[in-house]
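Since the structure comes first, as structure tokens, the remarks are kept for the end.
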Amino acid sequence: MTSSYTSIPIKSILHLSENPRPISMVEQVNNAEKSSNCKIKIKCSGNGVPKPNEKSSAADSPIQRRTSARIKAVKEKTAASELQLRRKAAAAAAAAAEEESLAVGEKEKRGSGVSPAKVGKKRCYKKRKRDEESVVVGEGDVVVLERGNESVGGGGEAEVISEQQKKKLAKCEARRLKLLEDNDEKMDVGNAAAKPEKTDSLQVKETIRLFNKHYLHFVQEEEKRCGKAQADRKAARAARKQSKKKGKIVKDAPLEETKNSAKRPDLKAISKMMENNEILNPEKRVGSISGIEVGHQFYSRAEMCVVGFHSHWLNGIDYMGQSYAKVHNNYEFPIAVAIVISGMYEDDLDNAEDVVYTGQGGHNLTGDKRQIRDQKLERGNLALKNCVEQCVPIRVVRGHESRSSYTGKIYTYDGLYKVVNYWAEKGISGFTVYKFRLRRLEGQPVLTTNQVYFTCGRVPQSSAEIRGLVCDDITGGQEDTPIPATNLVDDPPVPPTGFTYCKSIKVAKNVKLPMDAPTGCKCKDKCVDPTTCECALRNGSDFPYVSKDGGRLVEAKGVVFECGPNCGCGPGCVNRTSQKGLRYRLEVFRTAKKGWAVRSWDFIPSGAPVCEYTGILSRAEDMERLSENNYIFDIDCLQTIKGIGGRERRSTNAAFIANLLDKSDEQGSESVPEYCIDAGSTGNIARFINHCCEPNLFVQCVLSTHHDLKFARVMLFAADNIPPLQELTYDYGYALDSVLDSDGKVKQMPCYCGAAGCRKRLF
DNA sequence: TAGGATCAGTTGTAT
DNA sequence: ACAACTGATCCTAGT
């Protein structure tokens with residue numbers, strides 16, 4: 001039986017709660033603000049919403065917000081400087097590429113020194129890395145094995161060590177020494193060595209992001225198919241009823257069409273990524289995988305596959321088979337490289353640092369999930385046995401039941417373990433099972449499995465449990481779920497002040513929101529069929545959302561057309577996903593260096609809507625006068641669609657949008673946003689979300705009550721699966737040199753978000 | 001909530 | 001070329 005994780009001392013849990021999640025290494029831009037803030041004494045009244053006329057205190061400003069570009073000056077400058085910049089960038093990239101290709105040999109020797117900054121470079125690095133891996137097994141990772149504990153056997157039917165095996169052990173020792181040597185070299189390189197690790201972790205992040213995109217795409221495909229199947233069944237039933245009346249016999253539709261069960265979108269996503277060569281680390285390898293640290297959380301088995309951590313979504317033991325013997329002659333194959341401990345075997349025994357793992361086979365896959373046959377020393381079992389004899393460490397992942405995951409399960413990488421010994425015995429059900437004693441290698445980060453388990457459970461259940469609470473609900477009851485504010489940084493702790501909470505957009509006096517609501521779809525209750533729903537057609541004949549998990553955006557789009565006031569569907573329609581208000585329990589918390597920040601107590605799956613950016617909808621040029629307002633968000637829907645002003649180009653329904661673009665062009669829209677949302681004095685939770693160069697949210701413009709791109713609603717969606725208590729961030733999206741000061745000079749703002757790929761400048 | 005069908009890549013073996 | 005192997009996932013049926 002798999003032991004529970006309660007074997008961890010309570011102390012370690014307490015320790016955790018005493019030390020809140022480390023705050024990312026972000027330097028505050030406005031350091032001066034903090035001291036002034038400390039002097040302000042503000043009592044948070046009743047509902048916690050400050051008076052509207054309270055002066056916006058600098059304390060509320062984490063770092064400078066997405067400020068309106070100084071429009072006129074930019075207009076003049078953009079065209080000229082953009083061209084110049086592009087030329088410069090192209091020249092720099094070319095030079096870098098050349099330098100890179102020349103330096104490859106040298107850098108490979110050092111095994112480091114890769115700049116994470118430029119995409120072009122990153123690609124070069126990725127490729128080189130793979131080439132490296134295809135010829136090296138077990139190198140480049142720190143593997144420290146203790147001697148004297150490598151005897152084979154120890155259990156019932158232990159095998160005895162042979163002369164040949166002794167030789168192998170010697171070989172193994174030699175390998176170990178080499179690894180240590182390599183490690184020393186790495187240490188010498190010092191800081192430079194840390195860089196590629198970060199780059200790799202970004203690659204891991206991006207690969208998982210890509211997986212999520214494919215995953216949601218296939219979820220959508222399946223939802224469509226199942227929806228159609230359901231409609232077909234309904235129609236078939238109706239037809240049968242009719243024909244019964246007439247006395248005719250109608251055959252049932254073939255099973256294929258009526259089947260309602262969805263094919264597994266996760267597996268389809270894996271297949272797709274294999275087909276596209278998008279799998280990270282496609283070669284199996286011994287030891288740790290760079291970019292995946294101990295404690296890394298996976299949200300499904302499929303995630304492990306796409307980053308090359310464990311190459312099968314189903315097998316417990318991942319091993320390198322005989323085919324690897326052709327390329328690598330330093331091992332006797334098969335050898336195991338990774339295992340998943342998920343408690344599926346009745347004979348498992350798990351004490352965290354010390355595990356008795358049951359081999360594979362003889363397991364009743366359906367029903368009671370117990371042993372029904374004897375296990376044999378073959379496949380994964382043989383691979384684990386070979387690990388004992390050849391001192392090959394294996395990666396260990398543990399599965400946990402957890403609500404904070406879309407699959408209800410979390411897999412945590414617990415580090416490298418060595419297979420100490422193995423034996424065969426009669427298991428609980430009376431069949432022969434192979435057992436492997438695993439011991440965690442020393443010198444690794446403290447085991448995090450239990451911490452993660454309890455971190456998730458540490459989310460407060462009531463306001464009484466919240467530490468450092470300074471405000472019960474900054475929304476003053478406007479949102480369905482209250483948003484508390486906590487402050488464990490300031491002394492005395494102060495709540496966020498200087499703004500009025502508003503759930504929805506307010507419009508400035510001199511701005512007229514388009515009132516001509518577009519014609520709506522004629523669907524009833526919920527929009528289902530994307531081939532007939534007009535709103536779906538506007539999005540390119542597909543709904544932008546999947547129904548799963550209450551609505552998730554499949555991918556970032558130029559603009560999303562949602563159902564609006566003239567649509568026949570109700571509020572529960574999937575194509576109103578962004579209109580349903582806050583879905584997750586959010587918290588505003590004070591950080592030491594970044595001012596206020598936002599995090600969620602709930603798990604947020606990728607593509608889920610987090611919040612809208614609200615405030616006062618204003619003319620961008622009116623904001624020019626307000627030089628110190630740091631809460632201005634330009635509505636850059638048009639720019640995003642056109643892919644200008646530093647915006648990434650996204651997929652769009654070209655046909656429908658071309659029409660809208662023509663309209664806006666007629667109205668003389670330039671490359672600079674005309675309108676913006678000013679959350680300086682009035683806004684919602686979004687005004688507290690900080691910038692990060694590698695964020696976990698992204699901005700998505702949404703149209704529902706009208707089709708004017710200049711007034712699109714601004715929504716923030718989850719870009720990744722976001723675990724509870726992780727700070728929420730998005731990219732403020734400045735083009736470098738796009739902000740000018742009052743004298744028309746280019747203004748520069750350093751970025752201290754601390755991400756590996758930080759651009760070092762906010763603008 | 002429990003049971004069971006399904007899913008698809010890897011591996012080893014048979015042809 | 002093919003079958004065996006594997007346990008996560010999700011739907012369905014039952015309580």
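Quick note on labels: first sequence line is chain A, next is B, and so on, each numbered from 1.
Just one of A:K524, A:R576, A:K526 meets the side-chain contact (heavy atoms from CB on, under 4.5 Å) condition when paired with A:C569; it is A:R576.
Across the protein-nucleic acid pair, A:R301 atom CZ and B:dT6 atom C1' stand 16 Å apart, rounded to whole Å. Residue A:F218 contributes atom CZ, which lies 20 Å from atom P of B:dT6 at whole-angstrom precision. Straight-line distance from the NZ atom of A:K376 to the C1' atom of B:dT13: 13 Å, rounded to whole Å.
A donor-acceptor contact under 3.5 Å is not formed by the side chain of A:R264 with the base of B:dA8.
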Quiz item: Is there a salt bridge (Lys or Arg N to Asp or Glu O under 4.0 Å) between A:E425 and A:K435 once you walk through the steps?
Solution: CA-CA 8 Å; A:E425 64 177 41; A:K435 297 227 170 165; 3.1 Å; yes
Quiz item: Which is it for A:H296 and A:F298 under the ring-ring contact (aromatic ring centres under 6.0 Å, His included) test, yes or no, and what are the steps along the way?
Solution: CA-CA 7 Å; A:H296 185 102; A:F298 297 97; 4.6 Å; yes
Quiz item: What do the steps show when you test A:D318 against A:K284 for salt bridge (Lys or Arg N to Asp or Glu O under 4.0 Å), and what is the final call?
Solution: CA-CA 9 Å; A:D318 187 21; A:K284 289 188 189 189; 2.8 Å; yes
Check nucleotides 9-11 of chain B for protein N or O atoms closer than 3.5 Å to its own N or O atoms and list the pairs.
{"unit_1": "B:dG9", "atom_1": "OP1", "unit_2": "A:S271", "atom_2": "OG", "d": "2.5"}
{"unit_1": "B:dG9", "atom_1": "N3", "unit_2": "A:H312", "atom_2": "NE2", "d": "3.4"}
{"unit_1": "B:dT11", "atom_1": "OP1", "unit_2": "A:K284", "atom_2": "NZ", "d": "2.9"}
{"unit_1": "B:dT11", "atom_1": "OP1", "unit_2": "A:Y319", "atom_2": "O", "d": "3.0"}

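For A:Y417, the ring pair (Phe, Tyr, Trp, His ring centres under 6.0 Å) test picks out no residue, with sequence neighbours left out.
Enclosure of atom NZ in A:K557 by more than 12 non-hydrogen atoms of other residues, nucleotides or ligands within 6.0 angstrom is indicated. Other residues, nucleotides and ligands contribute only 12 or fewer heavy atoms inside 6.0 Å of the CG atom of A:D480.
Taking only side-chain nitrogens and oxygens, A:K409 never comes nearer than 4.0 Å to OP1 or OP2 of C:dT9.
Cation-pi geometry between A:R395 and A:F309 is satisfied (NZ or CZ under 6.0 Å from the ring centre, within 45° of the ring normal).
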Quiz item: For DNA chain C, what is the dot-bracket line, given that a base pair needs Watson-Crick (N1 to N3, plus N6-O4 or O6-N4) or G-U wobble (N1-O2 and O6-N3) geometry with both distances under 3.5 Å, and | means paired with another strand?
Solution: ||||||.||||||..
